[in-house]
Amino acid sequence: MGIVKQVKPLIVKALKDLYGHDSQEADLTINITKPEFEGDYTLVLFSFVKVLKKSPEQLGNEIGEYLVGRHGELFTAFNVIKGFLNLTIADAYWKGFLQSAFNDKNLGHKKPLEKTVIVEYSSPNTNKPLHLGHLRNNFLGWSVAQLLKTSGYDVVKTAILNDRGIHICKSMVAWQRFANGATPDSTGIKGDHFVGDYYVMFGTEHKKEMEKLIADGMSKEDAEKNAPIMKAAQGMLLDWEKGDPEVRTLWQKMNSWVYEGFNETYAKIGSDFDKNYFESETYLLGKEFVEEGLKKGVFYKKEDGSVWIDLTAEGLDEKLVLRKDGTSVYITQDLGLAEEKFQEFHYDQSIYVIADEQNYHMKVLKLILQKLGKPYADGIYHLSYGLVELPSGRMKTREGTVVDADDLIEELKKVAREKTEELGKVKDFNPGELNELYETIALGALKFFLLRVDPKKKMVFNPEDSIDFHGFTGPFIQFIHARIKSILRKESPDHIGGKANGQLLPKEKELIVLLEQYSTIIEQACQDHNPSLVAIYAYDVAKTFSSFYTDHSVLNAESEQKKQLRLQISALTGNVIAGSMSLLGIRVPERM
RNA sequence: GGUCCGGUAGCUCAGUUGAAUAGAGCAACUGCCUUCUAAGCAGUAGGUCAUUGGUUUGAAUCCAAUCCGGAUCACCA
């Protein structure tokens, strides 16, 4: 339990004992004490001034006296400045924490809660390779799942593969026309890129045909629909829906190429799923909801046969749930999939990692399920994240500004290699070890870059900044980890753990205070579904250690006791960094 | 037009359940490698927290209005 959580009830009791005042822990504002003042944690007094009719100085002094007097083992000193009561926590507490934590392999992990959470993420279309936007989605989903697991939830990671529809038909038509039977094997092109190339070819050809039609006097809109290649794609979609064997075979073949490519990329970035759903298998789901909704009077039918829900009372619009031809729309499928997932996993919470473009859609989904009285409706949570933009604005397929995931990772690996060779610190590594290191650094840089920003906010990806390995980056944190390991390697493990007496120096204490917050940070990040809190924290820890160990030698400490203390601090820092980074899906090297 | 989200240093971002003099990194400038790895450390400089008004002992944070940017409101997914 964090120190702040221990302190709060004591202050609540102090207010009761001293003034007969009833308060809640939530009423207390306790912050870390600013470095320019003496103390570790600070109670803000202003809110009690009016109720208790005392000056802040008087309040601070009385509460401070009470705490130091009654709980001297925890509080050793206090001071009051303006409306702030600065409390000094006993060195014994910090050292006790250090002693119990530095070798704890389970630090930050919680006991099982016996609650199931589904995290759906990634969810790509199967007509082109993964890009930078997918990476943010994947890293976020994976990390949130990891945070939930650590916090004691049973987590099921799922993806929905959008494997049917006009987009894949476009790639298929283009392949028929232009490929001459070429395959990923025959060309040596990775499967998802291979299929994506035909998607691009479709676009190029489509544009050509449109221009011709427009030159012949057709309007742009009509030309778009009437271009022969577009008609072919639409025809193919109909054939697919009819189950035409030839189309289905081609469809299966091209999708299998894509999956092969995806799997390679997923393996590289460490994304994994417990269960894949395929849109081709779920797109007909949800129709029973239409009947149910009509019966319950939640939906209504228009004279043309289409079915709607009126959400105007909720400040939204009227929303179609079934077309007049009886086919279902996107939202209908999602209703069905939510039900399907519930039947299979009986989840307490179902998290959807989807970009904020779909805020409205997700709001509607949850609302409809609530109106239908589904028991799992309240557990639906949209983890909405902002798009990744380039300095020039949004990535656009048509303008060729999409940053490809595989290319980006390769580029980062190259930079990692160049930088590593330049520094020449791991000349004794064999080629396999080197490759692993480059991958660790490259992915560390990329994941950290994408996860350090609050998911809700859209972010800008500047290729030059993002390739930086200095400062607030993954590689910096990895470097500090390697440094710590290097120090610890020079001392045999059973020589760490001796008594660490003596007064804590400011930088020693600063680090321990920070390390002590680890569990609290994880809790917060899990609750907020926000890995950036962990990323910022990991950096803070690394930076603080960096400053600490340049000032104070660990192995050549002033005394054996100091050496023990610092070895323990180093071990704990290493564990906390490794633990934090693993929550982000980032590996940390022993050397770099 | 309705709804929602955002605007903090030149750039990228923290800080937004109200609290002390608004913080990092990058870029710029100064120092520091014979001592645990310089992917580092220490420091300098850089701010009308979009604007205006309000609430409050106290506002980047809450409220209102305005300006700017984005998303969304399809018988698309």
Side-chain angles (χ1 to χ4, degrees), chain A residues 26 29 31 33-34 36-37 42 44-47 49-50 56 81-84 86 125 162 164-167 279 283 302 304-308 312 315-331 333-334 355-361 363-364 384 386-387 389 391 393-394 416 419-420 422-426 441 445 449 452-454 456-462 464-466 468-480 482-491 532-533 535-536 539-540 543 546-557 566 570 591-592:
Chain A
T29 307
N31 304 324
T33 303
K34 297 227 163 201
E36 56 267 39
F37 302 105
T42 296
V44 182
L45 300 163
F46 296 108
S47 49
V49 169
K50 214 184 259 175
I81 297 171
K82 294 204 243 171
F84 302 91
N86 301 319
N125 289 354
N162 301 306
R164 50 137 251 136
I166 192 70
H167 51 85
E279 197 201 340
Y283 82 111
K302 285 195 178 173
D304 64 0
S306 58
V307 180
W308 298 72
T312 47
L316 306 176
D317 305 87
E318 295 186 350
K319 187 89 186 168
L320 179 91
V321 292
L322 195 74
R323 295 191 186 99
K324 65 178 174 220
D325 63 6
T327 56
S328 59
V329 288
Y330 185 46
I331 193 93
Q333 297 173 38
D334 276 347
D356 60 10
E357 299 169 300
Q358 297 197 31
N359 285 354
Y360 179 77
H361 174 82
K363 213 189 237 179
V364 170
S384 165
L387 295 176
E389 295 182 356
R394 257 179 107 152
K419 188 77 193 167
T420 303
E422 189 186 311
L423 293 169
K425 294 174 182 175
V426 288
I441 294 171
F449 185 84
R452 63 178 218 193
V453 180
D454 185 336
K456 287 193 294 290
K457 297 194 176 176
K458 71 178 177 197
M459 62 182 295
V460 175
F461 178 85
N462 184 330
E464 279 132 52
D465 293 357
S466 318
D468 200 355
F469 293 168
H470 303 271
F472 186 21
T473 66
F476 167 74
I477 300 169
Q478 291 173 323
F479 171 69
I480 296 303
R483 293 293 308 268
I484 290 169
K485 287 296 176 171
S486 162
I487 292 169
L488 295 175
R489 265 196 301 276
K490 293 180 171 129
E491 193 67 31
S532 77
L533 298 177
I536 292 164
Y539 173 68
D540 210 6
K543 193 171 59 134
S546 192
S547 169
F548 154 77
Y549 86 131
T550 32
D551 276 16
H552 306 298
S553 176
V554 176
L555 297 173
N556 300 313
R566 289 179 194 161
S570 303
R591 291 177 54 194
M592 69 185 276

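Hydrogens, waters and symmetry mates are skipped; everything else that's a heavy atom, side chains included, is used. In this text, all values refer to a predicted model and were calculated from it rather than measured experimentally. Each chain gets a letter, A, B and so on, in the order the sequences are listed, and its residues count up from 1.
Checked by distance alone, A/Thr550 brings no side-chain donor or acceptor within 3.5 Å of a matching partner on the base of B/rA42. Evaluation of atom-type donor-acceptor distances gives no pair under 3.5 Å for the side chain of A/Lys456 against the base of B/rU16. Judged by atom type and distance alone, A/Asn86 reaches the base of B/rA20 through a side-chain donor-acceptor pair under 3.5 Å. The base of B/rC41 does not come close enough to the side chain of A/Ser546 for any donor and acceptor atom to sit less than 3.5 Å apart.
B/rG43 and B/rG6 are spaced 35 Å apart, taking the P atom of each and rounding to whole Å. Between B/rG69 and B/rC75, the two C1' atoms lie 32 Å apart (nearest whole Å). Taking the C1' atom of each, B/rU56 and B/rA74 are spaced 47 Å apart, rounded to whole Å. A distance of about 8 Å separates the P atoms of B/rA50 and B/rU61, rounded to the whole Å.
Nucleotide B/rA45 is matched to nothing when pairs are restricted to Watson-Crick or G-U wobble geometry with both distances under 3.5 angstrom. Under the Watson-Crick or G-U wobble criterion, with both distances below 3.5 Å, B/rC76 is left unpaired in every strand shown. Base pairing analysis places B/rC62 opposite B/rG54; the two distances defining the Watson-Crick or G-U wobble pair are each below 3.5 Å. Checking B/rA24 for Watson-Crick or G-U wobble geometry (two distances, each under 3.5 Å) identifies B/rU12 as its partner. In this structure, B/rG40 forms a base pair with B/rC32, meeting either the Watson-Crick or the G-U wobble geometry with both donor-acceptor distances under 3.5 Å. Figure legend. B/rC67 is base-paired to B/rG7; pairs are counted as Watson-Crick or G-U wobble with both atom distances under 3.5 Å.
Within the nucleic acid shown, A/Leu423 comes within 4.0 Å of at least one base atom, counting heavy atoms only. Heavy atoms of A/Lys82 sit under 4.0 angstrom from primed sugar atoms or phosphate atoms, though from no base atom. At a threshold of 4.0 angstrom between heavy atoms, the contacts of A/Thr420 include nucleobase atoms, whether or not backbone atoms are also involved. Within the 4.0 angstrom heavy-atom criterion, base atoms lie near A/Ala482. Looking at heavy-atom distances under 4.0 Å, A/Glu389 makes no contact with the nucleic acid at all. Residue contacts for A/Asp468: at a heavy-atom cut-off of 4.0 Å it reaches the sugar-phosphate backbone alone, with no base atom in range. The residue A/Val44 sits close to a base: some heavy atom pair falls under 4.0 Å. Within 4.0 Å of A/Phe479, counting heavy atoms only, lies at least one base atom of the nucleic acid. As judged by a 4.0 angstrom heavy-atom cut-off over every strand, A/Asn462 is placed among residues making no nucleic acid contact. No engagement by A/Ser384 is indicated, since no non-hydrogen atom pair under 4.0 Å with the nucleic acid exists. Residue A/Arg394 is in sugar-phosphate contact alone, with no base atom involved, counting any heavy-atom pair closer than 4.0 Å across all strands shown. Counting non-hydrogen atoms under 4.0 angstrom, A/Asp454 reaches the backbone sugars and phosphates but no base. Counting any heavy atom pair closer than 4.0 Å across all strands shown, A/Lys490 reaches sugar-phosphate atoms only and no base atom.
Comparing atom distances between the A/Ser486 side chain and each of B/rU57, B/rC36, B/rC75 picks out B/rC36 as nearest. Nearest nucleotide to the side chain of A/Ser47, out of B/rC36, B/rC13, B/rA19: B/rA19. Nearest to the side-chain atoms of A/Leu533 among the listed nucleotides B/rA77, B/rU57, B/rG15 stands B/rG15. Comparing atom distances between the A/Thr33 side chain and each of B/rC75, B/rC36, B/rA20 picks out B/rA20 as nearest. The side chain of A/Leu555 approaches B/rC36 more closely than any other nucleotide in the set B/rG40, B/rA14, B/rC36. Out of B/rC75, B/rA42, B/rC73, the shortest distance to the side chain of A/Ser547 is found at B/rA42. Checking B/rA77, B/rC41, B/rC36 against every side-chain atom of A/Phe476, the shortest atom distance belongs to B/rC41. Of all nucleotides listed (B/rG25, B/rA14, B/rU72), B/rG25 comes nearest to the side chain of A/Phe472. Closest to the side chain of A/Val460, out of B/rC36, B/rC41, B/rC13, is B/rC13.
The aromatic ring of A/Phe84 sits over the base of B/rA20, with ring centres less than 5.5 Å apart and planes inclined by under 30°. B/rA24 has no stacking from A/Tyr539 on its base ring, since the centres under 5.5 angstrom apart and planes within 30 degrees of parallel are not both found.
Relative to the ring axis of A/Phe472, A/Arg452 places its NZ or CZ within 45° and under 6.0 Å from the centre. Annotation: cation-pi geometry not satisfied between A/Lys319 and A/Trp308 (NZ/CZ under 6.0 angstrom from ring centroid, within 45° of ring axis).
Each of A/Tyr330 and A/Met459 has a nearest nucleotide on RNA chain B; the 5'-most of these lies closest to A/Met459. Along RNA chain B, the nucleotide nearest A/Ile166 and the nucleotide nearest A/Tyr360 are compared for position; the residue whose nucleotide lies closer to the 5' end is A/Tyr360.
Ion pairing of A/Asp325 with A/Arg323 is absent here, as no side-chain N (NZ or NE/NH1/NH2) approaches a carboxylate O to less than 4.0 Å.
Within the 4.0 Å cut-off from OP1 or OP2 of B/rA38, at least one side-chain nitrogen or oxygen of A/Arg483 is found. OP1 and OP2 of B/rU72 both lie 4.0 Å or more from every side-chain N or O belonging to A/Lys363. Side-chain N/O atoms of A/His470 include one lying less than 4.0 angstrom from OP1 or OP2 on B/rG40. In this model, the phosphate group of B/rA24 is not approached by any side-chain N or O of A/Arg452 to a distance below 4.0 Å at OP1 or OP2. In this model, the phosphate group of B/rA24 is not approached by any side-chain N or O of A/Lys543 to a distance below 4.0 Å at OP1 or OP2. Look at A/Arg566 and you won't find any side-chain N or O under 4.0 angstrom from OP1 or OP2 of B/rC36.
A/Tyr549 and A/Arg483 share a donor-acceptor pair across their side chains, judged by distance under 3.5 Å alone. Inspection of the A/Thr42 and A/Asn86 side chains reveals an N or O donor paired with an N or O acceptor under 3.5 Å. A/Asn359 and A/Ser384 share a donor-acceptor pair across their side chains, judged by distance under 3.5 Å alone.
Note on ring orientation: taking the six-membered ring where Trp is involved, the planes of A/Phe46 and A/Phe84 are perpendicular (angle over 60°, cut-offs 30° and 60°).
B/rC33: glycosidic angle within 90° of 0, hence syn.
Atom CG in A/Asp551 sits about 15 Å away from atom P in B/rC36, given to the nearest Å. Protein atom CD of A/Glu357 is 13 Å distant from nucleotide atom C1' of B/rC76, rounded to whole Å. Counting to the nearest Å, the P atom of B/rA74 and the CG atom of A/Leu320 are 10 Å from each other. In this structure, CZ of A/Phe461 is placed 15 Å from C1' of B/rC26, rounded to the nearest angstrom. Atom P of nucleotide B/rA71 and atom CG of A/Asn359 are separated by 13 Å, given to the nearest angstrom.
In this structure, A/Phe469 has its ring center at least 6.0 angstrom away from the ring center of A/Phe476. Annotation: A/His361 is in aromatic contact with A/Tyr330 [ring centroid separation under 6.0 Å].
Proximity of A/Met592 to A/Ile441: side-chain heavy atoms (C-beta onward) are separated by under 4.5 Å at one or more points.
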